[in-house]
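A quick write-up on the structure given underneath.
Numbering of ligands and ligand atoms starts at 1, following listing order.
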Amino acid sequence: MAESRRASLGQVREFFSDIAFILTLAWEQHKPLVIGLGLVRALGAVVPSIQVYIGKLIVDQLVSLIQDRSQQALYDVLFFVGIEIGLLLLAQVLTSLTVVLDDVLGEGFPFAILGRILKHTSTLDLSYFENPLFRDKIEAVDQEMTWRGKGMLSIILNLGSEVISLIALAVVLFKLDWIFVAILVGTMIPVILIEFRQSIITYQWQKSWSRWWRHAWYYRWVLAAYDYIQEFRIFRLSPLFISRYLDIGKRYIIAFQSHSLRMQNLHFVKNILSHIVGYYGGLVILLFRALSKPITIGDITMYMSAYRAALGSLSALVKNIADIYGNHLFIQDLRGILLYTPRIAIAPHAQTLDKETPLAIEVDHVWFRYHQDGPWVLSDISFRIEAGVRMALIGDNGSGKTTLVKLLLRFYDPTEGRILINGVDLREIDLDSYYARIGVIFQQFAQYDGRIREQIGYGAIESMDDLEQIRNAARISGAEPFIEELPQQYDTPLGKWELEEGTVKLSGGQWQRLALARACMNQHAALLLLDEPSAALDPEAEERFFEQLLREIQGKSIIFISHRFSTVRRADKILSLRHGHIDEQGTHEELMQRNGRYAELFRMQARWYE
Ligand code: ADP
């Protein structure tokens, strides 16, 4: 019991911190709009209580008009009616303003928040993006933002409006007698607590069912998916999957009945409390008061309309509480993402690399594993590449080549050992200045949506408009001939999303050449990292590509991964990895003389081509 109360208290605390979080985000993004909307809403929230009070004055003046039939009384009534009309107009204006400001803020909110999230995630290191849970969270936030984001702020601001409105109505009731405020508060508190209880129950209910919903969704999806239909026909799986789906449905209905009953019970208590105990209880007290104290008809109508308005605000308030709770998981995800911090720490006095000095790289007894308890992916790797040296990295799949490239790019830090750039630990180097000296093509290179000149220009954004430099990079990578055959040449739109009309489709090899051109774009690059840069090229194209690359690129270090020995043999140095260890290293000739695994594999491949 105590435990469940503690849990509920915890959830109430989370509720308020969710509100604070969203308000802080909104405040950071749109200060003037939030202030404007806050003022308009606050004013709008007190108008009903003033209307109620003026209503009482009208009724009282009407009574004296009926009794006295004096002109003064008529003028008084007309005066108050005039005020009431003015208030009505003011309320209309404020409502319209609230809607407009709410909409403007609501439409901009998802952009602002996603912008903030993207800014944050762009500072996080690669390891986060390799974690499926992290990616799921970002995807969920991204998807839900479009439909939750717009209304989220206005739900919270509504809650504030209703609270102000209730306080203002309580002030009006206080003018009658404090007892009515006590009754209002006395019924409101349990009603709000019950609403919290209901929201928590709904939240837990949704949580407990979300796993089953995923199952049901899977069965529904699989039964209609084209990829499965053939096996479903042959193995006659449809009845089994349909019965599994219906079974979940049956269990759901049974569970839902008791959930719904529980919710309705609480709903019933809530209504009894607020309507019967609160409203009619207060009315009876007021009528008894009439026996001992002078009470006007205006007082009675004021009580009735104030209490009814308070009931309206109360039900809006509890609905807002439920809505905010409904967004809890989403807000948790949002907050969770912003709480992630970069793991790759940049040293406070990191050394900035200039744009000219050649780079010598030393990998010094590096050990690496992805997870604390995981297997070693790299074990005691040591080698050195002087500036301008071309090194080939070879090894079976899974031997650690790409991981080594990732360490050289400081996507991860070595678990043990260090990587030195011109004698300085990579952890002590300003990464922006290091990346400004690197050209890279990854195994899974990007295929951007954009013009060809952009696809290449992204490799050196400061030179994106330099068509000469772009052409030069395309020439080195061998992309130039096919680009020049396209009607729009460097202005040809490309991309999977086909954002532009007339988007052209390229072959895998052509895309790869563009990615290579991007890698060659940076004229300040002192190190080129090429992870299987020719995987999509045929052997002849690869041969020509490397020949050209090595001819064109002088004085830069190159580390390339390749499985084709005709290319590998051109390297000044070959490093062969096996199960994360250095198996062999040396020049082609040295390794052939050694007559080890390299020589064996080389001869094997040479025989295939004979
Ligand atoms: P290669 O490039 O030589 O094919 P990789 O460097 O990609 O090899 O992978 C080396 C080993 O590290 C493999 O066993 C692979 O499963 C593992 N590995 C690669 N990336 C990750 C990762 N993000 N998390 C955990 N293990 C990984």
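In the displayed structure, Arg233 atom CZ is contacted under 6.0 Å by at most 12 heavy atoms of other residues, nucleotides or ligands.
Atoms CG and CH2, on Asp449 and Trp497 in that order, are 8.0 Å from each other to the nearest 0.5 Å.
Listed by chain and number, the residues in a side-chain contact (heavy atoms from CB on, under 4.5 Å) with Trp213 are Trp209, Ala216, Tyr252 (sequence neighbours excluded). Phe565 is linked by a ring-ring contact (aromatic ring centres under 6.0 Å, His included) to Tyr598, counting only residues two or more places apart in sequence or in another chain.
Listed by first and then second residue, the ring pair (Phe, Tyr, Trp, His ring centres under 6.0 Å) pairs involving residues 455-475 are Tyr448-Tyr458 (not counting sequence neighbours).
Of the residues Tyr370, Trp367, Phe368, the one that meets the ring-ring contact (aromatic ring centres under 6.0 Å, His included) test with Trp376 is Trp367.
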Kindly print each ligand 1 N/O atom paired with any protein N/O atom under 3.5 angstrom away, one pair per line, or none if nothing qualifies.
| from | atom 1 | to | atom 2 | distance (Å) |
| --- | --- | --- | --- | --- |
| ligand 1 | 2 (O) | Thr402 | N | 2.9 |
| ligand 1 | 2 (O) | Thr402 | OG1 | 2.7 |
| ligand 1 | 3 (O) | Ser399 | N | 3.1 |
| ligand 1 | 3 (O) | Ser399 | OG | 3.4 |
| ligand 1 | 3 (O) | Gly400 | N | 3.0 |
| ligand 1 | 3 (O) | Lys401 | N | 3.0 |
| ligand 1 | 3 (O) | Lys401 | NZ | 2.9 |
| ligand 1 | 4 (O) | Gly398 | N | 2.7 |
| ligand 1 | 6 (O) | Thr403 | N | 2.9 |
| ligand 1 | 6 (O) | Thr403 | OG1 | 2.5 |
| ligand 1 | 8 (O) | Gly400 | N | 3.3 |
| ligand 1 | 20 (N) | Tyr370 | OH | 3.3 |
| ligand 1 | 23 (N) | Glu130 | OE1 | 2.7 |

